[in-house]
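Inspection log for the structure reproduced underneath, given as structure tokens.
Note that the structure is predicted; figures quoted are calculated from it, not measured. Basis for what follows: all heavy atoms, side chains included, without hydrogens, waters or symmetry-related copies. We count ligands from 1, going down the list as the structure has it; atoms in each ligand are counted the same way. Counting begins at 1 with the first residue of the sequence.
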Amino acid sequence: MTAHTIDGNALSKQLRTEVAARTQALKAKGVTPGLAVVLVGDNAASQVYVRNKVKACEDSGLHSVLERYDAKLTESDLLARVHALNQDPSIHGILVQLPLPGHMDAQKVIEAISPAKDVDGFHIASAGALMTGMPGFWPCTPFGCMKMLESIGYDLKGKHAVVIGRSNIVGKPMALMLLQKNATVTICHSATPDLKAMTLQADVIVAAVGKRNVLTADMVKPGAVVLDVGMNRNDEGKLCGDVDFEGVKQVASHITPVPGGVGPMTITMLLVNTLEAAERAAN
Ligand code: NAP
């Protein structure tokens with residue numbers, strides 16, 4: 001078997017066309033969805049991420065503001081900016097790019113964002129909403145994974161999903177989303193004694209670890225769907241995921257590549273969340 005590759009770029013393009021159309025419809029009612037991206041410091045990777053997010057907004061017709069601050073900005077000044085953005089009617093989504101400089105309490109800053117504008121879905125109110133099945137914003141990366149499953153018409157009901165990784169931004173919300181769609185969910189982590197024994201039982205595997213080759217072909221049940229969230233560098237310095245793509249694609253039925261898989265979907269879901277925030281505010 002050679003797995004079907006789920007193309008995150010193609011799916012993103014399709015979803016962004018839908019976002020652009022909904023944005024135009026909202027603009028016709030006098031509301032332009034707006035995202036504020038706040039970057040503190042000069043972390044090289046963060047600078048690339050925020051540029052990509054702002055550009056994606058512009059390409060889809062959303063308004064976006066990039067606020068850049070020196071790494072020496074005080075936490076209270078950052079909190080004051082977040083409070084001001086909470087009050088700004090032209091801004092529907094606020095994203096504070098992580099990591100923040102060491103002298104700041106990132107969770108405190110995230111909690112300062114109004115839950116109605118928490119388009120990253122990292123606020124405790126958003127986590128609680130996901131946990132209880134209430135309306136709220138879902139973290140973009142696992143939300144993108146759910147869209148990828150939806151794009152192949154995959155019915156999770158009664159399926160066994162194994163999530164590798166339990167971070168607050170990927171693994172845990174991923175597990176809750178899969179559970180909400182009636183999968184039976186197992187969460188694995190660094191203290192899981194026999195990862196292979198778990199993954200071999202899985203109909204769906206989501207790898208969100210940040211280590212190359214965490215998932216190899218011998219760990220995958222034939223026909224399983226494999227989503228690779230990981231972002232690592234191989235020996236040649238090229239971007240790669242957590243999954244041994246070449247090996248696993250011989251066993252799985254569907255697989256996401258790195259690059260061109262979950263990565264572009266993450267930004268797309270940020271646009272979707274921002275648009276959704278603007279639509280909610282308009283209604
Ligand atoms: P993280 O906070 O470092 O969490 C990694 C998780 O992997 C932890 O729960 C850890 O377990 C678990 N783990 C570590 N070694 C393991 C092992 N050998 N077997 C099983 N589990 C193991 O990372 P994250 O923020 O969730 O991100 C995970 C990966 O996704 C990273 O490569 C990151 O760059 C990538 N990512 C990609 C996107 C995207 O848009 N494509 C977005 C976000 C993140 P413990 O909890 O026990 O330590």
I need the nearest protein heavy-atom contact for [atom]: residue, atom name and distance, please.
atom                    : result
atom 48 (O) of ligand 1 : Ser190 OG, 3.6 Å
atom 24 (P) of ligand 1 : Ser167 OG, 3.7 Å
atom 21 (N) of ligand 1 : His189 C, 3.2 Å
atom 31 (C) of ligand 1 : Gly210 CA, 3.6 Å
atom 18 (N) of ligand 1 : Lys211 NZ, 4.1 Å
atom 42 (C) of ligand 1 : Thr141 OG1, 3.2 Å
atom 44 (C) of ligand 1 : Val170 CG2, 4.0 Å

Any heavy-atom pair between the side chains of [Y] and [X] that's under 4.5 Å?
X      : Y      : value
Leu275 : Thr23  : yes
Gln250 : Thr2   : yes
Asn273 : Asp120 : no
Lys159 : Thr184 : no
His189 : Thr192 : yes

Treat each ILVMFWY residue as a node, draw an edge where side-chain heavy atoms are under 4.5 Å apart, and state whether Val40 and Ile91 are in one component.
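Yes, because Val40 and Ile91 connect within a single hydrophobic cluster, where side-chain heavy atoms sit under 4.5 Å apart.
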
Examine Leu270 and Val19 and state if one hydrophobic cluster contains both, with Ile, Leu, Val, Met, Phe, Trp and Tyr joined whenever side-chain heavy atoms are less than 4.5 Å apart.
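No, Leu270 does not connect to Val19 through the hydrophobic network.
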
For atom 32 (O) of ligand 1, which candidate among Arg166, Met231, Met174, Met265 provides the closest heavy atom?
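Nearest option to atom 32 (O) of ligand 1, by heavy atoms: Met231.
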
Remaining members of the apolar cluster that contains Met134, side-chain heavy atoms under 4.5 Å
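In the cluster with Met134 there is nothing else; it is isolated.
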
Contacting atoms of ligand 1, where contact means under 4.0 angstrom from a heavy atom of [X]:
X      : value
Ile169 : 25 (O)
Gly263 : 40 (O), 41 (N)
Thr266 : 39 (C), 40 (O)
Ala208 : 5 (C), 6 (C), 7 (O), 28 (C)

Nearest 0.5 Å, what's the CZ-OG distance between Arg68 and Ser46?
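Rounded to the nearest 0.5 Å, the CZ-OG separation comes out at 10.0 Å.
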
For the CG atom of Asp118 and the CD1 atom of Ile94, what is their distance to the nearest 0.5 Å?
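Spacing of CG (Asp118) from CD1 (Ile94) equals 9.0 Å.
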
Contact partition for [X] relative to ligand 1, non-hydrogen atoms under 4.0 Å:
X      : answer
Val209 : both
Ile164 : side chain
Val229 : both

